[in-house]
Amino acid sequence: MRRGCISLGNVQCDECHRAIANPERYLAVDEKDGVEVEEGETSHYCVDCCLKKGYARYITEKGEETLTFFTE
Ligand SMILES: [Zn+2]
């Protein structure tokens, strides 16, 4: 399961290990052995890593670029 969140400053990306500062957005994903599952260990990914992993993308709406997480 995926949840789009906003960092309060106490989150670290599990992929690139950088700190995700407030008010940056990040994604919380339940994973087990690197595979997405309904319930498992929760991994946190920064926007850059979400884009790399295909968990997020930019859409252009009314001339504005917006980040969208693929949540279920
Ligand atoms: Zn990252």
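The first residue of the sequence shown is numbered 1, and numbering continues consecutively from there. In what follows, every heavy atom counts, from backbone to side chain, and hydrogens, waters and symmetry copies are set aside.
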- Task: Mind listing the closest non-hydrogen atom pair of N10 and S7 along with its distance?
- Result: N-OG, 4.1 Å
- If you measure from SG on C50 to NE2 on H44, what distance do you get to the nearest 0.5 Å? 11.0 Å
- Note on the structure: Tightest non-hydrogen contact, residues E24 and R18, listed as OE2-NH2, 2.8 Å
- Closest approach of E36 to V29 (non-hydrogen atoms, all atoms of both residues): CG-CG1, 3.8 Å
- Query: Do L27 and F70 have side-chain heavy atoms sitting under 4.5 Å apart?
  - Reply: no
- Task: Give the cluster check for Y45 versus L67: same hydrophobic cluster or not, with ILVMFWY residues linked at side-chain heavy-atom distances below 4.5 Å.
- Result: yes
- Query: If we only count heavy atoms from C-beta on, is the V47 to Y55 side-chain gap below 4.5 Å?
  - Reply: no
- Message: Could you measure the distance from the CG atom of L8 to the OH atom of Y26? Nearest 0.5 Å is fine.
- Response: 7.0 Å
- Message: Counting only heavy atoms not in K32 (residues, nucleotides, ligands), do more than 12 fall under 6.0 Å from its NZ?
- Response: no
- Query: Do you know the tightest heavy-atom contact between C16 and C46?
  - Reply: SG-SG, 3.8 Å
- Message: Would you say T42 and D30 are linked by a side-chain donor-acceptor pair, where the criterion is simply a distance under 3.5 Å?
- Response: yes
- Message: Using side-chain heavy atoms (C-beta onward) and a distance below 4.5 Å, is E15 in contact with K53?
- Response: yes
- Test side chain to side chain contact (heavy atoms under 4.5 Å, CB included) applied to F69 and R2, R3, R25, R57, the passing residue: R25
- Task: Could you please spell out the steps behind the side chain to side chain donor-acceptor pair (under 3.5 Å) verdict for S43 and E31?
- Result: CA-CA 7 Å; S43 299; E31 286 182 337; 3.1 Å; yes
- Query: More than 12 non-hydrogen atoms from neighbouring residues, nucleotides or ligands closer than 6.0 Å to CD on E41, yes or no?
  - Reply: no
